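Notes to accompany the following structure.
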Amino acid sequence: MIKFENVSKSYENGGVAVNSLNFSIEEGEFFVLIGPSGCGKTTTLKMINRLVDLSKGTIYINDKKIDEYNIHELRWNIGYVLQQIALFPHMTVEENIAIVPELKKWDKKKINYRITELMESVALEPKEYRHRKPSELSGGEQQRIGVIRALAANPKIILMDEPFSALDPISRQKLQQDMLTLQKKIKKTIVFVTHDMQEALALGDRICVMKDGEVVQCDTPKEIIEHPKNNFVKTFFESGNIYKPSLFSREYKVKDVMYAKLYNSYKSEDGTLSIKDTESLETLLNRVLKEKSVPIDHLGEIVGTITHEHVLKFISLNLEKGGELS
Ligand code: ADP
Ligand code: MG
């Protein structure tokens, strides 16, 4: 879907922002770019919708070079979500959402229907919210509108540059969760920039770790966790505190994840090996990293299943509470 071939960017002052990037993003993939500040994430993202010109190399979208597309056509077909203040302050919520559909000359009725549908998809009551100005929304609500505005004209590709990083931890987690649910439904190709490893692991189908303008490792979360390519990836990952030793030294059990209501109540019958609810969180984590979902055995009976997402959610919830389990 999106292919980078030897892509480099240097600025006039001689600084090299990114150097010889090579990777492909599949259709429907949630692709995360992560790395420390200044490593070239935003530059990489902005080259996709031609907000930044390449110095060398080629980017293809659906096998066509990006500079062969009409630039407006290209931008309207790529949703873009920024960290903050991306909504136009003097326009209402519905006017903000309608921008690209109007540019595409959709009729009024279709636009209105679309606005209602999108607002409902992120649990913002259309009647209550559509006539508000951005200043009459909380930070989390503004970012929700930012996300659905990017989806408005149904683009195939969505670029998101640290969209949740200005939010408080609770709203942030809520939006991450919403994003996962939404993506299951819409299956867009998403390129998501963050500097937060917890967020990358929670959201990404694949994670591309960058350093000093280069790609260090581009892999599934499981591969990154189990086989970090070098010390940089390992340290960066550990500084994300996912594996805070305290979390495991508290000896959380599978049942703690279930107490936190992080499981599916249906019982899988596909013969997957179950795990006892008295087993450790660490054992569970190792299982869900390899398998999509693991059946839970309580006193010899399968009572539900736990997925990778559930476990990451549990871990991040507890990290935010400083490792305390309420
Ligand atoms: P990130 O998003 O990972 O923090 P950026 O892509 O914004 O990194 O920046 C990568 C590098 O390019 C940085 O060293 C930054 O200073 C430099 N850079 C970004 N934009 C410009 C610009 N317009 N002119 C000169 N240098 C720039
Ligand atoms: Mg940036």
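Keep in mind that this is a model prediction, so the values were computed, not measured. First listed ligand is number 1; within each ligand, the first listed atom is number 1. Along the sequence shown, the residues carry numbers beginning at 1.
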| task | If a pair satisfies side chain to side chain donor-acceptor pair (under 3.5 Å) and one of its residues is in residues 15-29, list it, with sequence neighbours excluded. | result |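 Non-adjacent pairs meeting side chain to side chain donor-acceptor pair (under 3.5 Å): N6-N22, N19-E214, E29-R206.
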| said: Show every side chain to side chain donor-acceptor pair (under 3.5 Å) that has at least one partner inside residues 67-81, sequence neighbours left out. | reply: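 Found N77-K104.
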| query | Which heavy atom of I48 sits nearest a heavy atom of I59, and at what distance? | reply |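 Here I48 and I59 meet closest at N-CD1, 4.3 Å.
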| task | Answer yes when K133 and E136 have at least one side-chain N-carboxylate O distance shorter than 4.0 Å, and no when they do not. | result |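 No, this pair does not count.
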| Listing by chain and number, which residues have a heavy atom under 4.0 Å from ligand 1? |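 Lining ligand 1 at under 4.0 Å, by heavy atoms, one finds Y11, N13, A17, P36, S37, G38, C39, G40, K41, T42, T43.
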Using only atom types and a distance under 3.5 Å, with no angle test, would you say the side chain of [X] pairs donor to acceptor with the backbone of [Y]?
| X | Y | value |
| --- | --- | --- |
| T189 | G28 | yes |
| S55 | S10 | yes |
| Q217 | H227 | yes |

| query | Hey, which protein N/O/S atoms does the Mg ion (ligand 2) have under 2.8 Å? | reply |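 Listed by chain and number: T42 OG1.
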| request: Hey, can you tell me if F30 and F192 have their rings parallel, tilted or perpendicular (30° and 60° cut-offs)? | output: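 Plane angle between 30° and 60°, so tilted.
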| said: What I'd like to find out is whether the side chain of V254 reaches to under 4.5 Å of the side chain of K276, using heavy atoms alone. | reply: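 In short, these two side chains do not touch, never coming nearer than 4.5 Å.
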